[in-house]
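Structure first, commentary second.
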Protein chains: 2
Amino acid sequence: MSKKVSLKDIATKVGVSTATVSYVLNGLEKEKRVGVEVAKKIKDAARELNYMPNQIARSLRKGSTNTIGLIVADIANPFFGQLARIVEDEAIKHNYTVIFGSSDEDCVKSEALIDTFVNRQVDGFIIAPSEGCKSQINALINREVPLVLIDRYLPQLNTSYVVLDNFTAVYDAVTHLVEKGHRRIGMVAYENSLIHMSERIRGYKEAMIDHQLEKEIRIKKIAYNLPRQEMEKIIGEMLTHLISDALIFATNALSLAGLYAVKTNQKKVPEELALIGFDGNEAFDFFDSPLTYIKQPLEQMGRESVRILLDEMKGNTENQHIQMASKLITRASCG
Amino acid sequence: MSKKVSLKDIATKVGVSTATVSYVLNGLEKEKRVGVEVAKKIKDAARELNYMPNQIARSLRKGSTNTIGLIVADIANPFFGQLARIVEDEAIKHNYTVIFGSSDEDCVKSEALIDTFVNRQVDGFIIAPSEGCKSQINALINREVPLVLIDRYLPQLNTSYVVLDNFTAVYDAVTHLVEKGHRRIGMVAYENSLIHMSERIRGYKEAMIDHQLEKEIRIKKIAYNLPRQEMEKIIGEMLTHLISDALIFATNALSLAGLYAVKTNQKKVPEELALIGFDGNEAFDFFDSPLTYIKQPLEQMGRESVRILLDEMKGNTENQHIQMASKLITRASCG
DNA sequence: CTGAAAGCGCTTACAG
DNA sequence: CTGAAAGCGCTTACAG
């Protein structure tokens, strides 16, 4: 890169100290009572030299970087991609930049990302925590780094979070299926002990129990990291036995794998099998009978998480817990 | 945040200078011939105090931040989300972090992002440039900032880039439709003068001409920033008149809007209307007759762009131009 | 009203 | 083999 213009260059050119230049360029000319003429000269010089402040130097001095670290499971997953976009927009409004990383629900990756971001002095974190990385998050808490968890939280840890009311989301989905006359309702979930998954499963179970369907409870748990073809195969096997007449999928990716399996196995929806998906997806709309699904309020989740984080970065140490209601978008797939 | 541990703290504790600590922690102990015992003490102290180097201070001193700035049209768009993920993975391998921003194809936003990233001293840029922001990119070139353009390039500017061979992609798509017996082949594109769009359109036109279908050329251009409902409506209107018996969509978003419109208007595919989409999308698979589409080699594009950028950051000033071949995934939607 | 100076936490050329 | 010191480009408490 070519020679960069610094405060000093402007100071030299105008014939003042870097302090004065700094004041003027940061809009403190009134407060510091810098002469109007000097101020003008400085501004002109800055423009003329095409001065761009070195945010790194500034960050070092001020001890803050105006950067937010965002860690999701996978930025390529539309759920997180959309969330990232909302976080980005909110961050920009408040003059923050976001650096991001994908953990793949993997604790080792997650830790590496957190360390990197800490080294880079991010002012705060928004994290969708992975399984088993409690100690990493706890280390952040001990360092008193502003932090909000998203999508899931860690019940043992005292942090702010923004999540879905997963229990009610799935509970209501089951009820909807029951109302539509389904009884043998199964669930396809991830093998994951985190709260978002366990709450979805709990919502399913309790709803089944409350509807006197305890004996029909059937949950298939699938590993997160399986390629979709594998997921599809597993779900496909479920379908050939067809012990259920309705299925609820616990995530977007599972819903998609399920749709592929249903298509491959040529099951008629909703006649042979009713379906409820999670999150939105265009594919849901083009499935033979458009999918009923549990919709998360992504926009608000993203906004709230940034709002809370900014709050914490301003010094508010009170943890805020937000649980948002989902919406069941009912369409043809449940009969 | 709580008190942070610095090099000095370790130095004090062990009783050496910060220089020695720095050498040891950066693996220069051999080179600088630091005593084995001292080195061990330093490493132990660092571990004990849970030392995390301040990357900001390091960046200021070294003049490089190990950060890549990635600017796409919209990180929530799966095409760019997937690209971002690949860039992220490649960057991490080489110890780089990526900060990202979405331009919405808007020059003002794009410029704000570029300025922010320059201020933050990113070591290099990967940019999907917006329409009319030539001067911004040019400013980057003048500053000698390592840069690779992606998805589109600016023909007037001397930069590295990684793009699709858009001309051939669409040319071949037209040929495929012709071979399938279609003649009244239309195209739905964005109102965008950038090279990726103009090349797609040129590919369409030339193919039509080469197949003696010059008179059947019909291109509908739609503004990028329209909400999908609007796009759908516009395409819907095309469908009611049905001047075409086949349509090629120039982007993923247009393909989706097109599918919704076709569904709403209950056109039979491929009997009444053949379709070819751009990029992949799960919705393509679940459409009544699975969509034939032009597939981009995303993985390689992401990798190559990072590889070239790293190359430039190492000092290689030679611009590299990469144009990748697409693949036509043929399925039922063309008959 | 304005400037000299310290200092943020590192790295590295230099001296011994 | 090891350390003192300068310096990256800013901000800001302090002095005058």
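This is a predicted model, so every value here is computed, not measured.
Residues Lys41(A) and Glu37(A) are not paired through a salt bridge, judged by the lack of any N-O separation under 4.0 Å between the basic side chain and the carboxylate. A salt bridge does not link Asp89(A) with Lys93(A): none of the charged nitrogens is closer than 4.0 Å to a carboxylate oxygen. For the pair Lys62(A) and Asp123(A), the salt-bridge criterion is not met [side-chain N within less than 4.0 Å of a carboxylate O].
Taking the side chain of Leu60(B) as heavy atoms from C-beta on, and the options dT11(C), dG9(C), dT2(C), the nearest nucleotide is dG9(C).
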With Watson-Crick and G-U wobble geometry limited to distances under 3.5 Å, how should the secondary structure of DNA chain D be encoded in dot-bracket form, using | for bases paired to another strand and [ ] for crossing pairs? |||.||||||||.|||
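When all heavy atoms of Tyr153(B) and Ile195(B) are compared, the closest pair comes out as O-CG2, 3.2 Å.
Across the protein-nucleic acid pair, Met52(A) atom CE and dC8(D) atom P stand 20 Å apart, rounded to whole Å. Computed from coordinates, the Gln121(B) CD to dG9(D) P distance equals 9 Å when rounded to whole Å. In this structure, CG of Asn66(B) is placed 14 Å from C1' of dC10(C), rounded to the nearest angstrom. Protein atom NZ of Lys62(B) is 7 Å distant from nucleotide atom P of dT11(C), rounded to whole Å. One interatomic measurement links the two molecules: CD1 of Ile42(A) to P of dT2(C), which rounds to 9 Å at whole-angstrom precision. Distance, Asn54(A) CG to dC8(C) C1': 13 Å, rounded to whole Å. To the nearest angstrom, C1' of dG9(D) lies 7 Å from OH of Tyr51(A). Rounded to a whole Å, the CD1 atom of Ile56(B) is 16 Å from the C1' atom of dG7(C).
For DNA chain C, the residues of residues 7-27 of chain A within the heavy-atom distance limit of 4.0 Å (strictly under) are Gly15(A), Val16(A), Ser17(A), Ala19(A), Thr20(A), Tyr23(A), sorted by number.
Between the side chains of Thr67(B) and Arg120(B), no donor N or O sits under 3.5 Å from an acceptor N or O. Side chain to side chain, Ser193(A) and Glu131(A) meet the donor-acceptor criterion of an N or O pair below 3.5 Å. No side-chain N or O of Ser59(B) forms a donor-acceptor pair with one of Gln121(B) less than 3.5 Å apart. With hydrogens and angles left out, the side-chain atoms of Glu88(B) and Ser102(A) include a donor and acceptor closer than 3.5 Å.
Using atom C1' as the reference point in both dC10(D) and dG3(C), the two lie 16 Å apart (nearest Å).
Partners of Lys134(A) under the salt bridge (charged side-chain N to carboxylate O under 4.0 Å, His left out) rule, at least two apart in sequence or in another chain, do not exist in this structure.
Between Arg61(B) and dG7(D), a side-chain N or O to OP1/OP2 separation shorter than 4.0 Å is absent.
The residue among Pro53(A) and Lys32(B) whose nearest nucleotide of DNA chain D lies closer to the 5′ end is Lys32(B).
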